[in-house]
Amino acid sequence: MGDDYPSPFRSEQMSLVQLIIPTEVAHDTIAELGELGDVQFKDLNPDVNPFQRSFVGEIRRVDEMARRVRFFSTQIEKEKDQIPIRPLYDSAPLLTVGPRAAQTMDELDLKLKEHEGRLIQMNDSYQLLCERTRELEEARHVLRETAVFFERATGYQSEVRSSMDDSSAPLLQHDDRESQYFSSSVQFDLEFVAGTIERSRLPTFERVLWRVLRGNLYMNHTDIAEPFVDPATGEETRKNVFIIFAHGDTLLAKIRKVAESMGATLYPIDANADKRSDSMREVTARLEDLQVVLFNTGANRRAELVKIGENLASWVDVVRKEKLIYETLNLLNYDVRRKTLFAEGWCPTRDMPMIQDALKHATEESGTNVPPILHELRTNKTPPTFIRTNKFTEGFQTIMDAYGIATYQEVNPGLFATITFPFLFAVMFGDIGHGFITFSAALLMILGERRLAKADLGEIFGTFFFGRYIILLMGLFSMYTGFLYNDIFSKSLHVFPSGWSWPVNHGNDSVPANPTGWTYPIGIDPGWHGADNALLFTNSYKMKMSIVLGVIHMTFAICLQVPNHILFNRRSEIWTNFVPQMLFLQSIFGYLVICIIYKWTVNWETSSTGPPSLLTMLIGMFLSPGTVDPDTELYRGQSSVQVILLLIAFVCVPWLLIAKPYLEWKEMKKIQGQGYIGLGTEEVPRHTSDSELEGEEEGNGGTIAESMDDDSEHHDFGEVVIHQVIHTIEFCLGCISHTASYLRLWALSLAHAQLSEVLWSMTLEGVLGMSGIFGFVAIALMGVMWFTLTVCILCVMEGLSAFLHALRLHWVEANSKHYQAGGYQFTPLSFAKLNEE
Amino acid sequence: MEALFFNVDAGFIEGIVRGYKAGLLTQTQYNNLTQCETIEDFRTQLSATDYGNFLANETLPISTSTIADKATQILVDQFNYLRSNAVAPLNKFFDYMTYAYMIDNVILLITGTLHERNTSELLERCHPLGVFETLPALCVATNVEELYRTALVETPLAPYFRDCINAADLDDLNIEIIRNTLYKAYLEDFYAFCSSIGGPTAEVMQRILAFEADRRSINITINSFGTELSKERRAKLFPAIGQLFPAGNNALARADDVDQVRQACDGVAEYRAFFDTAHLLGDDGLGDTGAAAELEDRFFAYEVHLNKQAFLQQFQYGVFYAYLKLKEQEIRSLTWIAECIAQNARNRIQDYIPTF
């Protein structure tokens, strides 16, 4: 292909290339190609187990490094205070190509190992300390809470006692209680077990104890207000302090056993208040010590993490790239002496020089003088589809790719969708104001493109951002159609003087407007706005317009078959498919379009006959061919024209049905007549004129021979017939239903216009006349409401709905006419894509 | 009728479970696994299956128990997901599935306590599907009565326990009797429950449970040879369901050696094959233990076969049970292969039981 500029009309021409790479430069070559992102490697050993491939050892090592890096990331993420991770573009690059590559990797491996070891050690000691701290804290809680129990218990006792000598004076009673507190705490002889237990287990614990001890216990518990946080997982556990009084050693032993098995922690508590306060002091002191140590360990650990954070991004990058490189290397084949590697892959033919350059560069980088060799292979395999996009066409292409990936070198509908998609959208969304809002939103996104592209936008906004250029064009086109509809937020513009004048004096009755003899130059005359029959007029106008647009769109889609037929050397299909389809569509709906336009050009006020209904005309054309009511005749000789058109359309059906299978059958006969008989099943002889010759010209022909029978199509005659029958029926019925389907343009456009009018009259219209402060406030309030609803309902909701319908019109109505979509996407090895994930 | 309304309640999770089933390892994947040289190869190979990167974050070297634990964890997660999406009566069905694990855990815990093992260590070894709240309290019990009163009375196992409450002390034999009595009661109860659901569920589950019951009967008989278990007590442990019930069970109750067991099973065509080539007479060098292991393998293989058949029927709950059992079998096979690799016993690596 001679053109030197890549075009989105067809997918790129691809070549199957073979690379012969000396082992020494293999890694660097793949790295270089990965940076370039232009080669899709084929798996040359598909039946080798993943762990039996050549570079498993390296992959394993990289996996281990990746695991360490992941470990660092999770550790950094878990850290409560944020640890800065230096972004990739800011860190010094780690060179993993060139003569020092192996050394760099070794060093990195070692460094990661060291860091991991240190971090694990620190984590362990940190955890240990945390554990100890937690235990001490629990002990403190237990001491504090049990003290409350004891106090309450003694208080209860004293109350019981004091109730006996009720008459004693309060002062005395106070003394009494003091002394009793001391005395009772000394002689407190009930035995008990105290500890902490998880709150969720408490009810079970209680139940089990009740059953084990048959109720011979007194249990008390309180919540510990603050949760305990596990330093490793960050999980919160809430615990309770419990104290159980029971009598007898066996019972106590049982309680202890149950408590331990239920995951409770027991703490030795003394009944003596003095000893309790002693141990409380001790616990507090130890806790303080421990906290100091803990803080220091934490700070050390944090420092280590900060150090890791400085390099983490580049490590992640290197590890990911290395993994990809070795995985790619595993796809390659060793030669017999294991000195060179063979790679096969697809690349765009146009980019071969670039790939050659990359190979040269890789050789220089690695410091050897054995360059990898690249040469093209001849093949009959279908290459992948690669359509170059830029940030502008990407969105449109994605819309078409979502329907199906184009067959290799097929006409790409994505190119035309760039204009037709926003246009059909705009037909449904026509309003200057709404278009402007949409346009400016897209413009904002485009202006802030660089900044937004880096940020994580979330799924919903991310989708909108991805389609920003589609939205931009949609907004622009909506402004244009809005101008034609003369619609701005449901009001009309008086750009030019109207072609109609209203009588100055009129009452409340309807009055006819008078033509001024001047025709409004472009778009709909603002005089229609507010007229009684405005809806009638726009309805008829938009309905006809959508039919006209629809037929043009479908005709265009059918025409797109022609370049495909020519390129794929199926010229006969032009006569067997394209021509009858075209004739069928044009003789029915093309005729309708001409009638519509003709009817618009006639001034029916001065005509002798009344305006005919085109719908009745079309129905009459089928139901009573040859007769036209002279009252509604559109032009002279209408009936005979219609009969001829109808005949053409009817002839097209059997033509479409039979011609292709017949040609196919004749071809088959011819081949069989020449004495070729399909070998084995149904192998069809191919015209392989020059491929072998050229293959030999390339030089090393030996290894190149590709097996020819890889994807031979099954040319079963019966299949051809069935396919053609289905195709014919689908097309003929499709023509009618698809034309009707374009009426959605009218329906949505009407709904949009009506909705925006309703919104205006329900909100702003009522308050516009008001004056004074109240009027001002009302206008402000209603204005805000009107604007929000305009954006939310009319722009976003209606916009999405119009988008959906435009999408359908492209996918179903247009694509079914020509788009085969039987290809597979070109997925080159690329580091750039790696970072997107 | 079940075809009309089944999907209203259980359609979603049936879809899920069939998706899970599609992720079970295939014969080719097993073949690839058996070719592995090291555990690392094993991990690489597994990462290409539905297990994905479940071992990616483990530090080397990986022990086989880690593999088993992680794989079981996957199973437990899947089970819990299914269970939390189930509505009546399917949720009850799921509950029934967990009872078997509860019984195992109870037995594990009391056996462990009897031999004075550390409780927390025992708790870790319990199957996560069979954990219940009062499980830890089991270790306090010293006799059956206490066992029942302390912990089991509020679990769903309580009704099964009624029959063994007369057993006095906890010793190894008694524990074994308790286990089998519990299992018998459980199987009968589950069987009755499945029958009450009716339709294809009953059909499929009865087939599976009947085999389970027969397998237990045969195992009890074979294991009781040479122990002090009397024949009458033995007969009491046989579940009153299954294809061997009642004639085969009666014959089993009278059996004195393996040959008589085989005669007892002769009535059922499917079971005849188990004893066909197995040299169970014990005089061929393999010895009784080897023969028993072989028999056990055949039982497993037949169980897998039955469970696979469960997937051929639509609109029934059997798939959930079957999936659980198949996945368990898969984990057993994986562990076996990993163990063989780790211990370099390559000649026995083929002895796993493939699922699909």
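In what follows, chains are A, B, ... by sequence order, proteins preceding strands, each numbered from 1. These numbers were taken from a predicted model, which means no experiment stands behind them.
- For Glu133(B) and Arg201(A), the salt-bridge test fails: no basic side-chain N is under 4.0 Å from an acidic carboxylate O.
- Within a 6.0 Å radius of CZ in Arg346(B), other residues, nucleotides and ligands contribute more than 12 heavy atoms.
- Contacts of Arg207(A) with chain B are made by side-chain atoms alone, with heavy-atom separations under 4.5 Å and no backbone atom involved.
- Counting only residues at least two apart or in different chains, side-chain hydrogen bond (donor to acceptor under 3.5 Å, both in side chains) contacts with residues 248-262 of chain A comprise Lys254(A)-Glu146(B).
- For Arg132(A), the CZ atom is loosely surrounded, since the number of other residues' heavy atoms within 6.0 Å does not exceed 12.
- Surrounding CD of Glu124(B) are at most 12 heavy atoms belonging to other residues, nucleotides or ligands under 6.0 Å away.
- Rounding to the nearest 0.5 Å places CZ of Arg211(A) at 9.0 Å from CG of Leu152(B).
- Counted within 6.0 Å of CZ on Arg117(B), heavy atoms from surrounding residues, nucleotides or ligands total 12 or fewer; the atom is thus considered open.
- Applying a 4.5 Å heavy-atom cutoff, none of the residues of residues 102-111 of chain B approach chain A.
- Residue-environment remark: CD (Glu116(B)) stays at or below the threshold of 12 foreign heavy atoms within 6.0 Å.
- A donor and an acceptor atom, one from each side chain of Arg60(A) and Thr44(B), are located under 3.5 Å apart.
- Of all the listed residues (Arg43(B), Glu37(B), Gln35(B)), the one sharing the greatest number of non-hydrogen pairs under 4.5 Å with chain A is Gln35(B).
- The environment of CZ in Arg70(A) is crowded: more than 12 heavy-atom neighbours from other residues, nucleotides or ligands sit within 6.0 Å.
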